[in-house]
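Working notes for the structure below.
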Amino acid sequence: MTLENISCQKSFGGWHKRYRHRSTSLNCDMVFAVYLPPQAEQGEKLPVLYWLSGLTCTDENFMQKAGAHRLAAELGLIIVAPDTSPRGPEVPGDPDGAWDFGLGAGFYLNATQEPYARHYRMHDYVVHELPALVEANFPVSHKRGISGHSMGGHGALVCALRNPGRYQSLSAFAPISNPMACPWGEKALGRYLGEDRSRWREWDASVLMADASERLPILVDQGDRDDFLSNQLKPEALQAAAKAAGHPLTLRLQPGYDHSYYFIASFIDDHLRHHAEALKA
């Protein structure tokens, strides 16, 4: 598969690069970003952390705002950030132009309902197609971690819980923990998957945790001044599910922090170290 390099900047001795390619999973052109630390030029095969961003974001938000490059360079972690949904004139968005569904809001699932089923297969893209592309073109090992924010935190949790053995580390910032029971999730799951709520269960981390065959330790940070905390994110549902299943979860409620990238930048080092400890074991 052809990769088109569309930008390149040096950062903390490594390189931040953006690429465009044609996605077979999503039936459109996609852009992703990769941070290659200095060790990537020294012949080492390095572990990869996949970062999934939230509603309305692209690959650029995390790479520009999170402040992750400095420690990733020190730890020898490659970071890959895909877009949050399929893009292009052929891709249907929200019929009313809303920001919380459609373009920029792929929810990291595989849609089954028209007109979304042809393009909205972000789960297959993130879990299978993109890693295969990365592993064929960059000096990476087969050690993978996954993390994300908000909708992307939901995506990270679901990708790991649905694919035991695929990832060796997992974390999230302010994830949508129980999408079956919040307005963002109900809108997205209903339109992408249809009205049968039993089909929604396989895309809800708080439900999947009960039957998870792998107990991958999870680090979650959540700000207590997050405007979306009570009605959209519902970390208490994830905490209850983890306790019932005996799943190792460290959920930290951070006083004074909101939903922004100021919050992510404040705790990204903890998450990078969490991933590095598992990926370099």
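For this chain, numbers begin at 1 and follow the sequence in order.
Checked against side-chain contact (heavy atoms from CB on, under 4.5 Å), Arg162 has the following partners two or more places apart in sequence or in another chain: His123, Val158, Glu202, Trp203, Leu208.
Electrostatic pairing of Arg273 and Asp270 does not count as a salt bridge here, judged by no charged N lying under 4.0 Å from a carboxylate O. A salt bridge does not link Asp29 with Arg87: every distance from a Lys NZ or Arg NE/NH1/NH2 to an Asp or Glu carboxylate oxygen is 4.0 Å or more. Ion pairing between a basic and an acidic side chain is recognised when a charged N comes within 4.0 Å of a carboxylate O; Asp258 and Arg225 show no such pairing. Between Glu4 and Arg22, none of the side-chain N atoms (NZ, or NE/NH1/NH2) sits under 4.0 Å from a carboxylate O, so this pair counts as no salt bridge. A salt bridge is defined here as a Lys NZ or Arg NE, NH1 or NH2 lying under 4.0 Å from an Asp or Glu carboxylate O, and Arg201 with Asp196 fails to meet this definition.
A heavy-atom distance below 4.5 Å is found between the side chains of Met30 and His21. Taking 4.5 Å as the limit, some side-chain heavy atom of Leu249 sits within range of a side-chain heavy atom of Leu238.
Enclosure of atom NZ in Lys45 is not indicated, since only 12 or fewer non-hydrogen atoms of other residues, nucleotides or ligands lie within 6.0 angstrom. Atom CD of Glu195 has 12 or fewer heavy atoms from other residues, nucleotides or ligands within 6.0 Å. Within 6.0 Å of CZ on Arg199 lie no more than 12 heavy atoms contributed by other residues, nucleotides or ligands. Other residues, nucleotides and ligands contribute more than 12 heavy atoms inside 6.0 Å of the CD atom of Glu214. For CZ of Arg215, the number of neighbouring non-hydrogen atoms (other residues, nucleotides, ligands) closer than 6.0 Å is greater than 12.
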Criterion ring pair (Phe, Tyr, Trp, His ring centres under 6.0 Å) on His16 and Phe62, from CA distance to verdict: CA-CA 12 Å; His16 167 254; Phe62 178 81; over 10 Å; no

message: Before you tell me yes or no, could you show the steps for His154 and Phe107 under ring pair (Phe, Tyr, Trp, His ring centres under 6.0 Å), namely the whole-Å CA-CA distance, both residues' side-chain angles and the distance that decides it to 0.1 Å?
response: CA-CA 8 Å; His154 141 78; Phe107 265 81; 5.6 Å; yes

task: Quick one: do Phe32 and Tyr50 satisfy ring pair (Phe, Tyr, Trp, His ring centres under 6.0 Å)? Show the steps, please.
output: CA-CA 11 Å; Phe32 70 92; Tyr50 290 88; 9.3 Å; no

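For the 3.5 Å distance criterion, the side chains of Ser171 and His271 qualify, holding a donor opposite an acceptor. For Trp200 and Glu186, the side-chain atoms include no donor-acceptor pair closer than 3.5 Å. Ser169 and His274 are not linked by any side-chain donor-acceptor pair at a separation below 3.5 angstrom, with hydrogens and angles left out of the test.
Ring to ring, Phe12 and His69 are not that close: their centroids are 6.0 angstrom or more apart. Between Phe173 and Phe263, the gap from one ring centroid to the other is short of 6.0 Å. Aromatic pair Tyr192/His119: centroids not less than 6.0 angstrom apart.
In this pair, Trp99 and Trp184 present their aromatic rings perpendicular. The plane angle is above 60°, beyond the 30 to 60° band.
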